[in-house]
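Proteins come first, then strands; the chains are lettered A, B, ... in the order of their sequence lines, and each starts at number 1.
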There are 2 protein chains.
Amino acid sequence: MPDADTTPAGGDADGPPASVRRAVQQSMERLSNSERKVARALLAGYPGSGLTTVADLAAAAGVSPPTVIRFTARLGYDGYPQLQRAIVHEVNEGMGSPLAQYGDTRRSEGEEVLDHAVRTIQSSLERSFSELSSWDFKRVVRLLSDESREIRVVGGRFSRLLADYLSSHLHLLRGRVQLMSEPGLERLAAIADAGPSTLLVVFDYRRYDEAVGQFAVDMKSRGSSVVLLTDNWLSPVAKIADVVLTSRVEAPSPFDSLVPAMALTEALIAALTDAVGDRGRERLERLEAFDPQARHLEDQA
Amino acid sequence: MPDADTTPAGGDADGPPASVRRAVQQSMERLSNSERKVARALLAGYPGSGLTTVADLAAAAGVSPPTVIRFTARLGYDGYPQLQRAIVHEVNEGMGSPLAQYGDTRRSEGEEVLDHAVRTIQSSLERSFSELSSWDFKRVVRLLSDESREIRVVGGRFSRLLADYLSSHLHLLRGRVQLMSEPGLERLAAIADAGPSTLLVVFDYRRYDEAVGQFAVDMKSRGSSVVLLTDNWLSPVAKIADVVLTSRVEAPSPFDSLVPAMALTEALIAALTDAVGDRGRERLERLEAFDPQARHLEDQA
DNA sequence: GCTGACCTGAAACAGATAGTTCAGAACGCT
DNA sequence: AGCGTTCTGAACTATCTGTTTCAGGTCAGC
């Protein structure tokens with residue numbers, strides 16, 4: 001049993017590095033409420049938060065310094081400096097290794113489900129993007145950034161959330177955008193007003209929404225362009241759509257996943273932000289002038 | 001672009017990261033013999049050697065502490081702690097996500113933006129899950145699956161979509177769920193009715209919603225349990241929350257990303273489906289009897 | 001071989017740091 | 001309710017930190 005330098009709570013005497021991160025996660029249960037806050041703060045800003053002083057970490061966690069000390073003691077370290085050394089050690093080894101953290105052992109219920117969920121979601125996402133046609137993607141971006149067009153956005157039972165999400169961002173970046181949340185008069189009016197300069201964005205994922213499908217058909221018949229975001233099984237709207245972007249829906253549960261679709265939506269927003277450039281930025285600033293709570297541009301320093 | 005925090009000897013105002021390592025290498029010539037020993041020791045054990053004490057680094061280099069101090073001064077830092085901070089900063093970037101590398105290079109508009117978006121989103125997602133405490137996750141699942149509890153779900157400007165998403169699924173799996181979509185009488189009534197058997201689920205991501213925060217505080221003061229889903233910068237609600245689940249919000253655009261948060265939500269739903277087991281399945285079947293369009297269980301063959 | 005400039009480290013110093021003590025608070029358990 | 005246990009932070013302290021001071025040492029140049 002050599003190397004008794006940095007393996008306190010790692011436990012099983014097998015893992016050579018015994019990541020501090022995992023040690024913390026495993027010890028979660030044994031901790032008190034405030035100590036758990038420390039654990040969360042440590043993981044949230046890892047590893048930087050563990051390389052500052054006790055006082056700093058305590059402040060970040062919203063607890064007092066003694067709690068941090070007790071936290072380190074409970075993990076099995078002789079003191080805060082020793083925990084720091086362990087982190088430094090780890091940083092020295094890894095300095096970039098991304099997914100070394102996923103172990104193999106599984107027992108407790110929740111963990112298995114979570115692990116499975118993570119992998120399912122990630123592979124769905126990966127696959128979705130790898131199957132995405134970048135040419136279609138660009139076409140959609142061009143359509144969305146064309147301010148001479150009137151945009152309507154609509155979605156189905158769950159995908160209405162994405163329709164909402166997209167239109168909210170569109171509002172921030174350009175004018176002439178409308179979300180068609182409910183069936184009814186609003187949609188009828190939209191059909192009546194539709195023409196060649198109208199752009200309808202449809203989110204339709206299983207199970208496909210009949211009302212949305214009919215609405216798309218009607219809009220199309222009035223000359224509107226139609227962009228469809230759907231799953232890989234293709235909504236019936238695909239038949240009449242001008243551009244189709246698909247995403248996978250494989251989920252860790254019996255329900256479908258919207259994560260890849262949302263990722264696609266965010267990618268569209270990113271590309272659109274890039275496309276509208278200064279024009280959109282000006283609009284954002286104008287909007288912010290009226291809404292002190294929205295300062296979306298200051299995120300990236 | 002000042003930010004005179006960590007860019008002393010980077011010098012030429014060109015290098016984007018101004019790596020400490022590179023700063024040292026460039027300054028080699030200007031150093032004295034002993035100082036150069038320090039430089040070599042620092043680079044040899046980088047970054048760990050720079051995260052210890054002055055005395056340690058001096059010993060590793062075979063020189064006296066003052067020499068280390070003079071070394072840091074010669075590099076342009078105000079003191080050893082400042083150099084340390086610069087290194088920590090660097091480590092923080094490099095360790096987690098490979099976000100740092102996508103600085104500037106772009107040619108073909110749509111495609112590169114898309115590529116960048118994909119990578120950003122995926123790394124955010126990966127990082128979020130790696131930082132997730134599975135213990136907290138399990139606690140939330142347990143709370144959500146406890147049918148003796150009355151559940152209230154609320155969200156902020158954008159995260160209301162996730163609140164909606166979660167509550168929609170909760171409705172399918174169990175009873176006594178209510179989405180608090182708008183401020184107003186509905187929320188007041190919820191506060192009045194709240195008690196120890198109430199569970200409030202709060203989605204609060206930057207920019208944090210004051211109304212939601214106040215609502216959470218009020219609910220908590222009435223004895224309700226509070227589960228918070230937030231970003232890694234922690235909503236103020238974290239102070240009073242019983243459990244906190246964080247996700248990253250780094251996005252390919254100036255806006256924040258909700259993809260990791262949605263993935264987390266879906267993981268919760270998956271685990272919850274598992275937890276409620278047959279009871280939830282029966283409920284689903286009962287619901288389907290009244291809604292021929294919802295057949296969520298047939299997805300996985 | 002003397003003089004000046006420049007390194008270099010021992011010793012001393014001021015300030016910050018981790019860790020301890022203790023009293024009050026919160027909690028769970030009959 | 002009342003008890004004992006556990007948790008938590010304010011105040012304190014001993015220690016270690018980075019830094020400055022200063023004297024000894026090295027070397028080049030006429």
Sequence-distant partners of Arg149(B), salt bridge (Lys or Arg N to Asp or Glu O under 4.0 Å), two or more places apart: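 Testing Arg149(B) for salt bridge (Lys or Arg N to Asp or Glu O under 4.0 Å), a comparison that skips the adjacent residues, returns Asp146(B).
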
[X]: what forms a side-chain contact (heavy atoms from CB on, under 4.5 Å) with it, not counting sequence neighbours?
X	result
Ser128(B)	Ser247(B), Arg248(B), Pro260(B)
Ala39(A)	Val24(A), Met28(A), Leu31(A), Phe71(A)
Ala211(B)	Arg187(B), Asp209(B)
Thr273(B)	Ser253(A), Pro254(A), Phe255(A), Leu173(B), Ile269(B)

If I take atom [atom1] in residue [X] and atom [atom2] in nucleotide [N], what distance separates them, rounded to the nearest angstrom?
X	N	atom1	atom2	value
Leu31(B)	dT8(C)	CG	P	10 Å
Leu83(A)	dA18(C)	CG	P	11 Å
Asp56(B)	dG18(D)	CG	P	8 Å
Leu51(A)	dT17(C)	CG	P	15 Å
Glu35(B)	dC6(C)	CD	P	13 Å
Arg74(B)	dT8(C)	CZ	C1'	12 Å

Check step by step if side chain to side chain contact (heavy atoms under 4.5 Å, CB included) holds for Phe137(B) and Val113(A). CA-CA 10 Å; Phe137(B) 182 85; Val113(A) 178; 5.5 Å; no

Checking Arg176(B) now: which residues fulfil side-chain hydrogen bond (donor to acceptor under 3.5 Å, both in side chains) with it, not counting sequence neighbours?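 Arg176(B): side-chain hydrogen bond (donor to acceptor under 3.5 Å, both in side chains) contacts with Glu150(B).
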
Give me, pair by pair, the N or O atoms of the protein and of nucleotides 23-28 of chain D that are less than 3.5 Å apart, along with how far apart they are.
none

Would you sketch DNA chain C in dot-bracket for me? Only Watson-Crick or G-U wobble pairs with both distances under 3.5 Å count, crossing pairs as [ ], other-strand pairs as |, the rest as dots. .|||||.|||||||||||||||||||||||

DNA chain C contacts among residues 58-70 of chain A, heavy-atom distance under 4.0 Å: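 Close to the strand are Pro66(A), Ile69(A).
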
Any side-chain donor paired with an acceptor under 3.5 Å for Asp231(B) and Tyr208(B)?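 Judged by distance alone, the side chains do pair up.
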
Quick check on dT8(C): is either OP1 or OP2 less than 4.0 Å from any side-chain nitrogen or oxygen of Ser34(B)?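 Result: yes.
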
Protein-nucleotides 28-30 of chain C N/O pairs closer than 3.5 Å?
none

List the atom pairs, with distances to 0.1 Å, where a side-chain N or O of residues 47-61 of chain A and a protein N or O form a donor-acceptor pair under 3.5 Å, not counting sequence neighbours.
{"from": "Ser49(A)", "atom 1": "OG", "to": "Ala41(A)", "atom 2": "O", "distance (Å)": "3.4"}
{"from": "Ser49(A)", "atom 1": "OG", "to": "Leu42(A)", "atom 2": "O", "distance (Å)": "2.9"}
{"from": "Ser49(A)", "atom 1": "OG", "to": "Gly45(A)", "atom 2": "O", "distance (Å)": "3.3"}
{"from": "Thr52(A)", "atom 1": "OG1", "to": "Ser49(A)", "atom 2": "O", "distance (Å)": "3.2"}
{"from": "Thr53(A)", "atom 1": "OG1", "to": "Ala55(A)", "atom 2": "N", "distance (Å)": "3.4"}
{"from": "Thr53(A)", "atom 1": "OG1", "to": "Asp56(A)", "atom 2": "N", "distance (Å)": "3.1"}

Take Val38(A) and Val63(A) through the side chain to side chain contact (heavy atoms under 4.5 Å, CB included) test and state the conclusion after the steps. CA-CA 8 Å; Val38(A) 177; Val63(A) 301; 3.6 Å; yes

Taking only Lys NZ, Arg NE, NH1 and NH2, and the carboxylate oxygens of Asp or Glu, determine whether Glu35(A) and Arg30(A) approach each other closer than 4.0 Å.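 The answer is no: the pair does not qualify as a salt bridge.
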
Using a strict threshold of under 4.0 Å (side-chain N to carboxylate O), is an ion pair present between Arg40(A) and Asp136(B)?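 Yes, Asp136(B) and Arg40(A) are salt-bridged.
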
Taking distance alone, no hydrogens or angles, what donor-acceptor pairs closer than 3.5 Å link side-chain atoms of residues 191-198 of chain B to residues at least two apart or in another chain?
{"from": "Thr198(B)", "atom 1": "OG1", "to": "Gly195(B)", "atom 2": "N", "distance (Å)": "2.8"}
{"from": "Thr198(B)", "atom 1": "OG1", "to": "Gly195(B)", "atom 2": "O", "distance (Å)": "3.1"}

